[in-house]
Protein chains: 2
Amino acid sequence: MADQTLPAQIADQLRRDILRGILRPGMSIKERDNADKLGVSRTPLREAVRILATEGLVELRPARSPIVSIPSVKQVADDVEVLLAIEKMSAELACARATEAEIDALAAIVDVMADRFDTVDAVEMFEIDMSFHAGLASAAHNPSLADIHSTFLSRLWRSRFLSAIQRRNRERVVDHHSQIVAALRARDTDAIRTALGAHLDRLAPDIINVITQEIEQASATADRKDDL
Amino acid sequence: MADQTLPAQIADQLRRDILRGILRPGMSIKERDNADKLGVSRTPLREAVRILATEGLVELRPARSPIVSIPSVKQVADDVEVLLAIEKMSAELACARATEAEIDALAAIVDVMADRFDTVDAVEMFEIDMSFHAGLASAAHNPSLADIHSTFLSRLWRSRFLSAIQRRNRERVVDHHSQIVAALRARDTDAIRTALGAHLDRLAPDIINVITQEIEQASATADRKDDL
DNA sequence: CGTTCAAATTTGGTATACCGAAATTTGTTG
DNA sequence: CAACAAATTTCGGTATACCAAATTTGAACG
């Protein structure tokens with residue numbers, strides 16, 4: 001975390017704060033205040049905010065403070081719809097193009113999942129899950145595709161996270177992923193479509209439920225003003 | 001073209017220059033020179049360059065001048081692969097979600113195509129074609145999807161343009177689009193998949209051919225140094 | 001004549017100063 | 001006391017100044 005550019009580092013910091021909930025949806029990100037707080041000047045902070053804007057995590061408004069995105073249910077549903085399509089496409093391509101080494105790496109991730117399922121906390125398990133799906137995307141050998149995959153993954157990171165920590169389902173976490181790896185090994189496009197479909201189609205309503213819940217909750221506490 | 005932000009206007013200007021070939025692939029975009037040339041300061045120009053970088057039209061290099069992207073054949077092929085998938089997905093969703101008014105608008109575009117096919121020049125016809133596909137994408141009623149669609153469309157703009165102007169095929173331009181609209185009207189998902197598939201699967205190799213050609217040609221004239 | 005190393009220049013990155021618009025606050029009036 | 005208007009403050013947008021890294025150039029030495 002050292003050799004990246006300064007704006008990228010700032011973006012990482014802000015992204016973490018947003019995803020961890022320290023910067024809550026709707027909060028404004030004032031250039032001067034945040035620049036001072038992070039000990040940098042407005043220019044790189046500004047650029048960092050633009051990076052997050054393209055990722056969909058913050059929202060730019062003309063002649064106004066950027067705010068942390070407060071995605072509507074519709075937006076989250078749209079994002080999920082796109083992410084699922086990208087992931088299915090990646091999986092099918094990976095079926096044809098993944099190297100044996102890449103499949104081995106994915107299998108190893110599933111092994112780790114199975115081993116640690118009962119011991120690690122939700123956050124760690126979630127990170128492992130993320131690495132599996134990122135690995136699947138890169139196994140499609142199409143960097144453009146992997147790029148937009150990671151964009152939508154980070155846009156939905158918080159939603160997925162909230163969804164994941166409230167439900168720990170061994171079947172989904174371990175079995176589904178095993179089936180995906182098995183289908184990859186067999187180079188069986190239909191099988192991977194089925195396996196991933198089962199995995200993801202269950203994920204979608206979960207995420208949307210969590211978000212719906214969070215938004216209702218937020219509007220209930222709507223008296224809170226956005227601070228600093 | 002007035003109320004946009006200054007960086008967006010600059011990005012538009014640069015994008016035009018890149019796509020029209022005035023700024024050729026490999027040319028460096030020096031901040032000071034271009035800022036002076038456009039009569040603005042470095043800050044908004046800098047931001048404009050970042051915009052184009054996220055669109056894939058320019059390439060940022062750490063501690064070096066940004067250069068106009070010179071996409072490899074592989075990159076173009078990857079982009080085409082993604083664009084096709086996005087467009088097929090959009091079409092299928094549009095089949096279920098497009099309003100009658102949206103379908104009418106698309107039909108009107110096809111009428112314009114048919115009417116003017118023999119009179120307008122390639123550039124204009126190309127613009128009409130672009131508006132059709134953009135309309136199709138927005139008829140899917142998923143802004144996230146429409147966003148990445150337009151990103152890949154602009155990333156491939158120049159390639160598609162070069163491909164389009166060298167081949168004018170009434171069958172493809174008019175008939176294919178008519179079939180797509182007909183399938184939309186009938187809400188026939190299979191039909192639209194077939195129609196769009198026929199349209200696009202022919203497009204892909206054309207684009208890749210043109211790019212392969214251009215790259216070979218460029219390496220043949222490799223003595224030219226990037227000026228300014 | 002070629003190679004190497006250092007000085008100068010170029011250039012992107014960052015900080016800061018300035019400007020105009022928008023919002024907030026304050027004061028006055030009905 | 002409420003409401004509207006003016007002044008002040010706040011804040012993003014833009015320009016500019018400064019800095020450090022990198023490239024280039026040229027001179028000196030082999």
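Throughout, a chain's letter reflects where its sequence line sits, starting with A, and its residues are numbered from 1.
Position along DNA chain C of the nearest nucleotide to B/P66 versus A/S41 favours B/P66 as the more 5'-ward residue.
One can place CD of A/E59 at 16 Å from C1' of D/dG12, the figure rounded to the nearest angstrom. If you measure from atom CZ of B/R32 to atom P of C/dG12, you get 7 Å, rounded to the nearest angstrom. Between the CD1 atom of B/I67 and the P atom of C/dT11 there is a distance of 15 Å, rounded to whole Å. Rounded to a whole Å, the CD atom of A/E31 is 13 Å from the P atom of C/dA15. Between B/D33 atom CG and C/dG12 atom P the separation is 8 Å, expressed in whole Å. Between B/L6 atom CG and C/dA21 atom C1' there is a gap of 16 Å when expressed in whole angstrom units.
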(request) Check step by step if side-chain contact (heavy atoms from CB on, under 4.5 Å) holds for A/D78 and B/L145. (result) CA-CA 8 Å; A/D78 286 348; B/L145 188 62; over 6 Å; no
Atom pairs and distances, side-chain donor-acceptor, residues 85-96 of chain B, under 3.5 Å, sequence neighbours left out:
{"unit_1": "B/E87", "atom_1": "OE1", "unit_2": "B/H149", "atom_2": "NE2", "d": "3.1"}
{"unit_1": "B/E87", "atom_1": "OE2", "unit_2": "B/H133", "atom_2": "ND1", "d": "2.1"}
{"unit_1": "B/S90", "atom_1": "OG", "unit_2": "B/I86", "atom_2": "O", "d": "2.9"}
{"unit_1": "B/E92", "atom_1": "OE2", "unit_2": "B/R193", "atom_2": "NE", "d": "2.9"}

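For the segment residues 42-52 of chain A, residues with any heavy atom less than 4.0 angstrom from an atom of DNA chain D are, sorted by number, A/R42, A/R46, A/R50.
Under 4.0 angstrom from either OP1 or OP2 of C/dG12 there lies at least one side-chain N or O belonging to B/S65. For C/dG13, the OP1/OP2 oxygens have no side-chain nitrogen or oxygen of B/R64 closer than 4.0 Å.
B/S154 places no side-chain N or O within 3.5 Å of a backbone atom of B/W157 that could act as its donor or acceptor partner. In this structure, the side chain of A/E124 does not engage the main chain of A/D121 through any donor-acceptor pair within 3.5 Å.
Atom CD1 of B/I10 is separated from atom CD1 of B/I51 by 9.0 Å, given to the nearest 0.5 angstrom.
Within the 4.0 angstrom heavy-atom criterion, only backbone atoms of the sugar-phosphate kind lie near B/P7; the bases stay farther away.
When each of C/dA15, C/dG12, D/dG12 is scored by its nearest atom to the side-chain atoms of A/K30, the top-ranked nucleotide is D/dG12. When distances are taken from the side chain of B/A63 to each of D/dA22, C/dG12, C/dT16, the shortest belongs to D/dA22.
Residue A/R20 places its CZ atom among 12 or fewer non-hydrogen atoms of other residues, nucleotides or ligands, all under 6.0 Å distant.
Residues A/R32 and A/D36 are not paired through a salt bridge, judged by the lack of any N-O separation under 4.0 Å between the basic side chain and the carboxylate.
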